[in-house]
Asker: 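Can you read through this structure? Questions will come right after.
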Amino acid sequence: MGLQYLIIGCFFLLNPYFSIIDVIPDFIGCIFLLKGLSKASKISESFADAYRQFGLLLLVTLGRIFTIPLMANTDEVWPLIIVFCFGLGEGYLSIRGFIGIFDGLSYTAASPESALYTKWRETRQFTMFFLIAKQVLCFLPELSLLSDSDYGIVTPEGVQSPANYRLVFHVLAMILCLFIGIAWFIQIRGYLKRVVRDESYQSHLLRLYEERFTGVSSVFVSTNLRTAMTLLMVACVLSLELIFDGVNYLPHIISCIFFGVAAYKLMRLPGANLTAAKKTGIYALLYGVLSLPRFVYSIIFSDRIFGEYLSSTEEGLQFAYTDILQEYLLRDFDVIYGLVAQVVMAVMEAVLMILLLLTFYKLLREAAQKHTRLSIPAPAVPEGLENVPRPKDEFAVSFGRLCFVSLGLGIATAVSMVIATAAPAFFPSYWLIDALLRVTWVITAYLLVSKLRDEIESHYSITIREDLHDLTH
């Protein structure tokens, strides 16, 4: 059932913070906790709530990383404010998450003699204590920022103020928190290992998983479809570009990873297989791999002609990248060849993007035909009404139109990517047209997948009730 991943996740949570800095990133631990709860969340609402809380905690801990640069400015109280806000959020979510884990273990126990009841209460209480102490011990040293090193007790050695001992306070708090964290990890590791080794409980969980999830075919299929559609929506959003000085800082391989994972989940669906899923995964892999050389080369190319301006504190913001590029193109053949190489790589990337789009939209059309109300055969036409035109399904019409428009915009975006690569040499303002075109395509693709996901959920909400009704009989 994957509960052993909970032990690895707890290991990444035992470390203390140093102000804003998370020495061993907690988001890695959240990933393992989510992995460990992925199956259990399908059989218990408590496990499902824990899964949701750790998913939110993953986002919060990732956000904490982006605030690290503010720690350097100790003349302000930003570190105190950030630590306090993140401490409240992380503390609340982590406590809710572990409460869900312990409640889930209790509710799914096969019998009172199960190994999970051994020190269940003690481990739960110590976990709550540690999660609170971790945030408090991170916050307390930051209170020294409320004082000023110029004010305090005057001594022969100078002014003695708490602000002068901020580092000392942090070190002492980290040592104490690490001691508590190690003690907590030893206890919860022993507890979880007993749960994992309890074969009767693991068999009971597996039986519940089959009865409540995989045994109910509609639940299993709809859950995987919902996850795959969500991944495709994320992939569409990550297909945006953040281009600065000739470099796209949102590499296409990131969106391709989500396209590939979604295609892989759709390939494993039982019943009505989606034939376009495999091709979508292959083209996503090829597109992502082929986009990497262009991404790396664009960084090297930009640094060669614009690096000295970026590093200059006097001239860095006075010149545009396109102006410098055009100047180099007039006198440097290496730069001309370099730009041509970028255009050639962009052409290859555009071809694979078009192939990916063709299979992607074919995949969406197949999913609409096999996993929405369109899969239900139309009722027989009454005798005498064979020649009377029948109204078309509203969803089929709107979905087909949006699919056609979005595909056209996607192909235009792929072609525009090639033009935008060469445009700085003769039409610097083209980046705005390219950006608007890509944003429009991303919006239509996102809306299309979102519309399909809602229709799938609506369709399976009926079949799920039918499956559960059959099980009760």
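For this chain, numbers begin at 1 and follow the sequence in order.
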Asker: So do the side chains of R294 and M417 get within less than 4.5 Å of each other, counting heavy atoms only?
Answerer: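 SC-SC contact between R294 and M417 confirmed.
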Asker: May I ask you to check whether E455 and H371 show a side-chain donor-acceptor distance below 3.5 Å?
Answerer: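 On atom types as modelled, these side chains do not qualify, holding no pair under 3.5 Å.
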Asker: For the residue pair S239 and R438, confirm or rule out a side-chain donor-acceptor distance under 3.5 Å.
Answerer: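 Per modelled atom types, S239 and R438 side chains form no pair under 3.5 Å.
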Asker: When you look at CE of M348, are more than 12 heavy atoms from neighbouring residues, nucleotides or ligands closer to it than 6.0 Å?
Answerer: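 Not buried by this count: 12 neighbours or fewer within 6.0 Å.
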Asker: For Y361 and S406, does a side-chain donor sit closer than 3.5 Å to a side-chain acceptor?
Answerer: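 Yes, because at least one side-chain N or O of Y361 sits under 3.5 Å from a partner of the opposite role on S406.
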Asker: Do other residues, nucleotides or ligands put more than 12 heavy atoms under 6.0 Å from F102 CZ?
Answerer: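 Yes - once you tally the heavy atoms of other residues, nucleotides and ligands closer than 6.0 Å, there are more than 12.
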Asker: Looking only at side chains, do S41 and R52 share a donor and an acceptor under 3.5 Å apart?
Answerer: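 Per modelled atom types, S41 and R52 side chains form no pair under 3.5 Å.
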Asker: Between F395 and F399, is the ring centroid distance below 6.0 Å?
Answerer: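 Centroid separation for F395 and F399: below 6.0 Å.
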Asker: Report yes if the side chains of L407 and L358 come closer than 4.5 Å at any heavy-atom pair, otherwise no.
Answerer: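 Yes, at least one pair of side-chain atoms sits under 4.5 Å.
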Asker: Carefully, step by step, assess I95 and I132 under the rule side-chain contact (heavy atoms from CB on, under 4.5 Å).
Answerer: CA-CA 8 Å; I95 288 174; I132 296 173; 3.8 Å; yes
Asker: In the structure I gave you, are the side-chain heavy atoms of Y191 and V195 within less than 4.5 Å of one another anywhere?
Answerer: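 Touching, per the 4.5 Å side-chain cut-off.
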Asker: Flag the pair R124 and D103 as a salt bridge only when some basic side-chain nitrogen lies within less than 4.0 angstrom of an acidic carboxylate oxygen.
Answerer: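 A salt bridge is present here (some side-chain N lies under 4.0 Å from a carboxylate O).
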Asker: Rounded at 0.5 Å granularity, tell me how far OG1 in T359 sits from CG in L363.
Answerer: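 These two atoms lie 7.5 Å from each other.
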Asker: Is any side-chain heavy atom of K451 less than 4.5 Å from a side-chain heavy atom of S398?
Answerer: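 Side chain of K451 against side chain of S398, heavy atoms only: contact under 4.5 Å found.
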Asker: If you measure from CD1 on I31 to CD1 on I8, what distance do you get to the nearest 0.5 Å?
Answerer: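 Going from the CD1 atom of I31 to the CD1 atom of I8 covers 12.0 Å.
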Asker: Is D26 reaching over with its side chain to a backbone N or O of T61, donor-acceptor style, under 3.5 angstrom?
Answerer: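 Here the side-chain-to-backbone pair does not exist.
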Asker: Search all heavy atoms of V449 against all heavy atoms of M229 and return the closest pair with its distance.
Answerer: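 For V449 versus M229, the nearest heavy atoms are CG1-O, 3.4 Å.
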Asker: More than 12 foreign heavy atoms under 6.0 Å from OH of Y446: is that the case here?
Answerer: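 Atom OH in Y446 is not packed in, count stays at 12 or less.
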Asker: Under 3.5 Å, side chain of T413 to main-chain N/O of L409, donor-acceptor pair present?
Answerer: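 Judged by distance alone, yes, a pair lies under 3.5 Å.
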Asker: Shortest non-hydrogen contact from A284 to G260?
Answerer: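 So the two residues come closest at CB-N, 4.0 Å.
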Asker: For atom OH of Y297, decide whether the heavy atoms of other residues, nucleotides or ligands shown that lie under 6.0 angstrom number more than 12.
Answerer: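 It does: Y297 OH has more than 12 such atoms within range.
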Asker: Passes side-chain contact (heavy atoms from CB on, under 4.5 Å), F129 versus I180? Steps please.
Answerer: CA-CA 9 Å; F129 170 74; I180 299 174; 3.9 Å; yes
Asker: Which of parallel (below 30°), tilted (30 to 60°) and perpendicular (above 60°) describes F360 and F259?
Answerer: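 Answer is perpendicular, since the angle exceeds 60°.
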Asker: Roughly how far, to the nearest 0.5 Å, is the CG atom of L448 from the CD1 atom of I443?
Answerer: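 The CG atom of L448 is 13.5 Å from CD1 of I443, to the nearest 0.5 Å.
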Asker: Looking at F11, I want to see if its CZ is surrounded by more than 12 non-hydrogen atoms of other residues, nucleotides or ligands under 6.0 Å.
Answerer: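 For F11, atom CZ is not crowded (no more than 12 foreign heavy atoms under 6.0 Å).
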Asker: Working to the nearest 0.5 angstrom, can you tell me the gap between C236 SG and L447 CG?
Answerer: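 Between C236 SG and L447 CG, I get 10.0 Å after rounding to 0.5 Å.
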Asker: Locate the shortest heavy-atom distance separating Y287 from C256; write the atom from each residue and the value.
Answerer: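 Shortest heavy-atom contact: CD2-SG, 3.2 Å.
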Asker: When you look at OH of Y92, are more than 12 heavy atoms from neighbouring residues, nucleotides or ligands closer to it than 6.0 Å?
Answerer: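 Atom OH in Y92 is not crowded, with 12 or fewer foreign heavy atoms closer than 6.0 Å.
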Asker: Any side-chain donor paired with an acceptor under 3.5 Å for T275 and E366?
Answerer: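 The criterion, which ignores hydrogens and geometry beyond distance, is satisfied for E366 and T275.
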Asker: Is there a side-chain contact between Y283 and L352 in this structure, where contact means two heavy atoms from C-beta onward sitting under 4.5 Å apart?
Answerer: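 Sidechains of L352 and Y283: in contact.
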Asker: Hey, could you give me the CZ/CD1 distance between R96 and I99, rounded to the nearest 0.5 Å?
Answerer: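 One gets 7.5 Å once the value is rounded to the nearest 0.5 Å.
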Asker: Answer whether the closest heavy-atom distance between the side chains of F86 and V60 falls below 4.5 Å.
Answerer: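 Answer yes - side chains close enough.
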Asker: Show, in sequence, the C-alpha distance, side-chain angles and deciding distance for S291 and M353, and conclude whether the side-chain contact (heavy atoms from CB on, under 4.5 Å) test is met.
Answerer: CA-CA 10 Å; S291 68; M353 180 179 175; over 6 Å; no
Asker: Can you check whether F98 and F54 have ring centres sitting under 6.0 Å from each other?
Answerer: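 Ring-ring flag for F98/F54: true, centres closer than 6.0 Å.
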Asker: So F295 and I253, side-chain contact (heavy atoms from CB on, under 4.5 Å) or not? Walk me through it.
Answerer: CA-CA 10 Å; F295 170 68; I253 191 174; over 6 Å; no
Asker: A262 and A228: which non-hydrogen atoms are nearest, and at how many Å?
Answerer: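 Looking at all heavy atoms of both residues, the closest pair is CB-O, 3.6 Å.
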Asker: How far apart are the closest heavy atoms of I182 and L14, and which atoms are they?
Answerer: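 In this case the closest contact between I182 and L14 is CG1-CD1, 4.3 Å.
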Asker: Is any side-chain heavy atom of L364 closer than 4.5 Å to one of L232?
Answerer: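 Heavy-atom side-chain distance check passes, below 4.5 Å.
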Asker: Backbone N or O of L13 within a donor-acceptor pair of the K134 side chain at under 3.5 Å?
Answerer: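 Judged by distance alone, yes, a pair lies under 3.5 Å.
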Asker: Let me know which of T127, I188, D49, L37 forms a side-chain contact (heavy atoms from CB on, under 4.5 Å) with I101.
Answerer: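 It is L37; the other options fail the test.
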Asker: For E349 and L290, work out which heavy atoms get closest and say how close.
Answerer: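 Heavy-atom minimum between the residues: N-CD2, 4.1 Å.
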Asker: How many angstroms lie between atom OG1 of T230 and atom CG of L225, to the nearest 0.5 angstrom?
Answerer: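 Going from the OG1 atom of T230 to the CG atom of L225 covers 10.5 Å.
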Asker: Any heavy-atom pair between the side chains of I456 and R226 that's under 4.5 Å?
Answerer: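 A side-chain contact is absent here, since even the closest heavy-atom pair is not under 4.5 Å.
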